[in-house]
Structure formats: structure tokens, C-alpha cells
Amino acid sequence: MSERRRLMAVAAVLLIPWSGTRGQTVKGVAFLGYSNPATGSRYLDVLRDGLRAAGWIEGQTLVLDVRWPEGIQSRWRQLIQELLALKPDLFVTTIDDQAVLVASASPLTPVVFVYGNGPLETGLVASLARPGGNVTGFNTMEVELTTKQ
């Protein structure tokens with residue numbers, strides 16, 4: 001399994017504690033990819049698999065809204081606003097730069113980012129050991145953490 005697929009699978013596992021009312025209600029998850037469906041759908045498939053394994057069935061107990069910016073950063077804000085207008089229970093972003101925009105636009109929405117280039121520097125998390133707040137994810141650029149992995 002590639003590193004990216006493993007990260008998406010772990011992101012899906014992070015959703016399990018969020019599923020305290022599992023099977024009893026419909027939850028909404030927003031997903032903002034980085035590229036397009038042709039190159040990014042395999043990562044979304046892993047997220048879907050993880051959700052399904054946790055008991056969340058798309059179309060039954062889960063609504064998954066997906067947007068693809070086609071690798072164009074200037075589209076992020078528009079797509080984030082579209083997704084937030086749907087009032088998701090959870091927002092999954094591909095990278096922490098997207099998570100910064102989501103957290104600033106909707107501070108109470110829980111956010112999971114798959115790749116973090118600098119969550120401390122951007123203010124997304126208070127510390128790597130105890131992120132705090134409603135944003136969590138993976139810091140893929142920290143040398144110390146990479147060594148431990």
C-alpha cells in the first residue's frame with residue numbers, strides 16, 4: 001500500500017470516534033481534493049472504504065460531498081464555501097493549506113487534513129502532541145516524526 005493510500009486510510013479511521021451515533025442518523029462529510037477525479041479518486045476510494053468499514057454507508061447513513069479544484073489553488077475558497085453551505089458534520093481536506101481556509105471560514109466545523117506541510121506554522125494546531133481545537137491531520141514534513149514513523 002502506498003504512503004498516500006495509508007494516510008487516507010488513517011484519515012478514515014480518525015472518523016470513527018466521530019461516529020458515536022453510528023447507524024442512527026445521516027452524517028455529512030465534505031471532501032476537498034487537490035487535483036481531479038482522474039488522479040485523485042483512488043484516495044477518495046480509500047476514504048470511502050474506511051467509512052464503510054466504520055459502518056457509514058454512503059446514501060444511507062452518510063452523505064459524501066466531493067469537490068475537485070483541478071489543481072487550481074484559486075478555486076479553493078469557492079469550493080470550500082460551496083461545501084460549507086451544505087453544513088457538513090466533518091470536512092476532509094487534502095492538505096493543511098486548505099484546512100486553514102476551512103477553519104477560518106467555519107471555526108466550529110471539525111476538519112481532518114491528510115497532508116500537513118506546517119500545521120504548527122499555520123496555526124492549525126497548538127502542538128503536534130496535543131493539537132487541540134477542531135482540526136487534526138498528518139504533519140508529513142516534520143523530520144522528527146518521519147524518523148519515528
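These numbers were taken from a predicted model, which means no experiment stands behind them. Along the sequence shown, residues carry numbers from 1.
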Give, for atom OH of Y34 and atom CH2 of W68, the distance between the pair rounded to the nearest 0.5 Å. 13.0 Å
Do the side chain of S104 and the main chain of V100 share a donor and acceptor less than 3.5 angstrom apart? yes
Looking at every non-hydrogen atom in both residues, tell me the closest pair between L32 and P69 and how far apart they are. CD1-CD, 4.0 Å
If you measure from CG on L90 to CH2 on W56, what distance do you get to the nearest 0.5 Å? 10.5 Å
Output for pair (L51 CG, I57 CD1), nearest 0.5 Å, gives 9.5 Å
Under a 3.5 Å distance rule, please check whether Q98 uses its side chain to pair with a backbone N or O of T94 as donor and acceptor. yes
CZ-CG distance between F113 and D97, expressed to the nearest 0.5 angstrom: 10.0 Å
Measure the CZ-CG distance between F31 and D65 for me, rounded to the nearest 0.5 Å. 12.5 Å
Non-hydrogen atoms of L84 and A105 that approach each other most closely: CD1-CB, 3.7 Å
Do you know which two heavy atoms are closest between A103 and L124, and how far apart they sit? CB-CD2, 4.3 Å
Got a donor-acceptor contact below 3.5 angstrom from the S41 side chain to the A38 backbone? no
Charged N-O contact under 4.0 Å between E70 and R75: no
Taking every heavy atom of L120 against every heavy atom of A126, the minimum-distance pair comes out as CD2-O, 3.7 Å
Would a 4.5 Å heavy-atom cut-off, applied to side chains only, mark R77 and L101 as touching? yes
Does the side chain of T93 come within less than 4.5 Å of V111's, by heavy atoms? yes
Are L86 and L62 co-members of a hydrophobic cluster defined by side-chain heavy atoms under 4.5 Å apart? yes
Distance (rounded to the nearest 0.5 Å) between S106 OG and N134 CG: 8.0 Å
If you measure from the Lys or Arg side-chain nitrogens to the Asp or Glu carboxylate oxygens, is any gap between D45 and R42 under 4.0 Å? no
Is the side chain of D49 donor-acceptor paired with the backbone N or O of R52 at a distance under 3.5 Å, no angle test? no
If we only count heavy atoms from C-beta on, is the I80 to L83 side-chain gap below 4.5 Å? no
Could you check if a side-chain atom of D89 sits within less than 4.5 angstrom of a side-chain atom of V29, using non-hydrogen atoms only? no
